[in-house]
Participant: 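Dropping the structure in here first, questions after.
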Amino acid sequence: MQAFFSGLMITGGLITAIGAQNAFVLKQGLLKQHVGLIVLVCWLCDVLLIGAGVYGMSTLISDNLYAQTALAAAGGLFLLAYGCKSARSAWLGNHVLQLEAVSHTPPPAGKIVLATLALTLLNPHAYIDAMILIGGSAAGLPQAGKLHFLAGSLLASGIWFIAIGFGSRLMLPLFQRARTWRILDSLIAAMMLYLSYTLFRQIAQTWWV
């Protein structure tokens with residue numbers, strides 16, 4: 001079960017990053033516009049991207065120690081920078097969700113699907129997270145471990161999108177306060193820095209121990 005919780009933790013830490021996709025899900029949840037459809041599309045995109053990362057990229061590098069080390073180093077550096085960025089946001093405390101005035105008339109479902117796909121698949125961080133960070137983290141696992149890792153990752157994804165989509169009306173007053181963002185950014189920073197440490201420790205144990 002260690003692989004399951006590893007996938008749950010890594011994906012949970014990465015997916016909570018505040019970006020265009022999450023802001024879009026929050027806003028549509030607030031307006032109660034095609035929330036279930038949006039959540040499903042976001043999760044299916046993660047099934048595709050994370051699945052490709054775990055079984056595609058990780059399979060290609062599973063027998064290549066140099067490739068594994070390179071991915072671990074890239075992931076460690078990215079997580080280190082990401083953690084520092086989140087720590088800086090928590091320290092400054094100037095991050096507040098802004099929702100512009102929008103019509104309460106629901107747009108067509110097709111338009112919503114296209115918008116969700118664009119915000120997800122045109123975001124380069126989605127590929128970095130799935131192919132390099134998540135895929136690289138699962139590279140050294142056996143087939144059974146990869147399946148457990150993927151299950152944990154997809155569970156984290158599903159829980160997150162359901163929570164922000166259907167719980168956005170409850171969360172919105174909180175996320176209009178800078179203090180809430182500082183707490184969230186602090187938690188993300190701590191998790192990302194810890195994950196960065198584990199990846200660098202993995203490199204050290206591989207080459208120097």
Side-chain angles (χ1 to χ4, degrees), residues 1-26 29 38-55 57-58 71-72 74-87 89-90 95 97 116 119-120 123-141 145-168 170-171 174-175 180-202:
M1 294 299 289
Q2 182 177 356
F4 174 85
F5 287 110
S6 179
L8 186 72
M9 181 178 180
I10 291 174
T11 304
L14 291 172
I15 205 170
T16 55
I18 303 305
Q21 184 195 53
N22 286 339
F24 178 75
V25 177
L26 278 168
I38 293 170
V39 168
L40 178 62
V41 171
C42 289
W43 185 76
L44 288 177
C45 285
D46 274 355
V47 172
L48 174 65
L49 294 174
I50 296 174
V54 171
Y55 285 105
M57 178 63 73
S58 62
L71 279 178
L77 290 172
F78 181 84
L79 289 169
L80 178 62
Y82 195 95
C84 290
K85 181 177 180 294
S86 296
S89 295
H95 197 174
L97 180 66
T116 306
L119 287 169
T120 302
N123 178 10
H125 285 292
Y127 298 95
I128 293 174
D129 292 349
M131 299 298 179
I132 296 180
L133 300 180
I134 297 177
S137 298
L141 297 174
K146 289 177 181 178
L147 180 60
H148 294 157
F149 184 95
L150 180 61
S153 296
L154 296 181
L155 177 60
S157 171
I159 290 174
W160 173 252
F161 287 122
I162 290 173
I164 65 172
F166 292 99
S168 57
L170 299 175
M171 293 188 294
L174 294 176
F175 280 94
T180 304
W181 288 105
R182 296 185 75 170
I183 294 173
L184 180 61
D185 283 331
S186 295
L187 293 174
I188 293 174
M191 183 174 291
M192 294 299 99
L193 291 175
Y194 172 75
L195 292 173
S196 176
Y197 162 74
T198 61
L199 287 175
F200 286 126
R201 185 181 62 182
Q202 174 185 328

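Here the structure is a predicted model, which means the values were calculated and not measured. When reading the values below, keep in mind they use all heavy atoms of this one structure, side chains included, and skip hydrogens, waters and symmetry mates. Throughout, residue positions are numbered sequentially from 1 according to the sequence presented.
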Participant: What are the two closest heavy atoms between Gly145 and Ala3, and how far apart are they?
Facilitator: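 Answer, listing the atom of Gly145 first, then Ala3: O-CB, 3.4 Å.
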
Participant: Write down the atom of Ala90, the atom of Ser186, and the distance for their closest heavy-atom approach.
Facilitator: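 Taking Ala90 first and Ser186 second, the nearest heavy atoms are CB-OG, 3.3 Å.
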
Participant: Testing the basics here: between Ser6 and Phe149, what is the closest heavy-atom pair and its distance to 0.1 Å?
Facilitator: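 Where Ser6 meets Phe149 most closely, the heavy atoms are OG-CE1, 3.7 Å.
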
Participant: Any side-chain heavy atom of Phe166 within less than 4.5 Å of one from Val25?
Facilitator: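 When only atoms from C-beta onward are counted, Val25 and Phe166 do not touch, as no gap falls below 4.5 Å.
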
Participant: Could you grab the distance from atom CD1 of Ile164 to atom CD1 of Ile159, nearest 0.5 Å is fine?
Facilitator: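 Result: 13.0 Å between the selected atoms.
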
Participant: Under the side chain to side chain contact (heavy atoms under 4.5 Å, CB included) rule, collect the residues that match up with Leu154, sequence neighbours excluded.
Facilitator: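 By the side chain to side chain contact (heavy atoms under 4.5 Å, CB included) rule, Leu154 matches Trp43, Val47, Ile50, Leu150.
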
Participant: Under the side chain to side chain contact (heavy atoms under 4.5 Å, CB included) test, which residues partner Thr116, sequence neighbours left out?
Facilitator: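 Once residues adjacent in sequence are excluded, the partners of Thr116 under the side chain to side chain contact (heavy atoms under 4.5 Å, CB included) criterion are Phe24, Ile38, Val41, Cys42, Ile112, Thr120.
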
Participant: Please answer whether the main-chain N or O of Gly83 pairs with a side-chain N or O of Ser86 as donor and acceptor at a distance below 3.5 Å.
Facilitator: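 Checking the backbone N and O of Gly83 against the side chain of Ser86, no donor-acceptor pair under 3.5 Å is found.
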
Participant: Passes side chain to side chain contact (heavy atoms under 4.5 Å, CB included), Thr11 versus Trp160? Steps please.
Facilitator: CA-CA 10 Å; Thr11 304; Trp160 173 252; over 6 Å; no

Participant: Calculate, to the nearest 0.5 Å, the distance between atoms OG and CG belonging to Ser153 and Leu49 respectively.
Facilitator: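 Answer rounded to 0.5 Å: 12.0 Å.
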
Participant: Which value, rounded to the nearest 0.5 Å, describes the distance between Leu14 atom CG and Ile10 atom CD1?
Facilitator: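 It comes to 7.5 Å.
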
Participant: Under a 3.5 Å distance rule, please check whether Asp46 uses its side chain to pair with a backbone N or O of Gly158 as donor and acceptor.
Facilitator: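 No: the side chain of Asp46 does not pair with the backbone of Gly158.
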
Participant: Do Tyr197 and Leu80 have side chains that approach each other closer than 4.5 Å (heavy atoms only, starting at C-beta)?
Facilitator: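 Heavy-atom side-chain distance check fails, nothing below 4.5 Å.
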
Participant: Under the side chain to side chain contact (heavy atoms under 4.5 Å, CB included) rule, what do Asn22 and Phe161 come out as? Steps first, then yes or no, please.
Facilitator: CA-CA 8 Å; Asn22 286 339; Phe161 287 122; 3.8 Å; yes

Participant: For Tyr55 and Lys146, work out which heavy atoms get closest and say how close.
Facilitator: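 Result for this residue pair: OH-C, 3.8 Å.
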
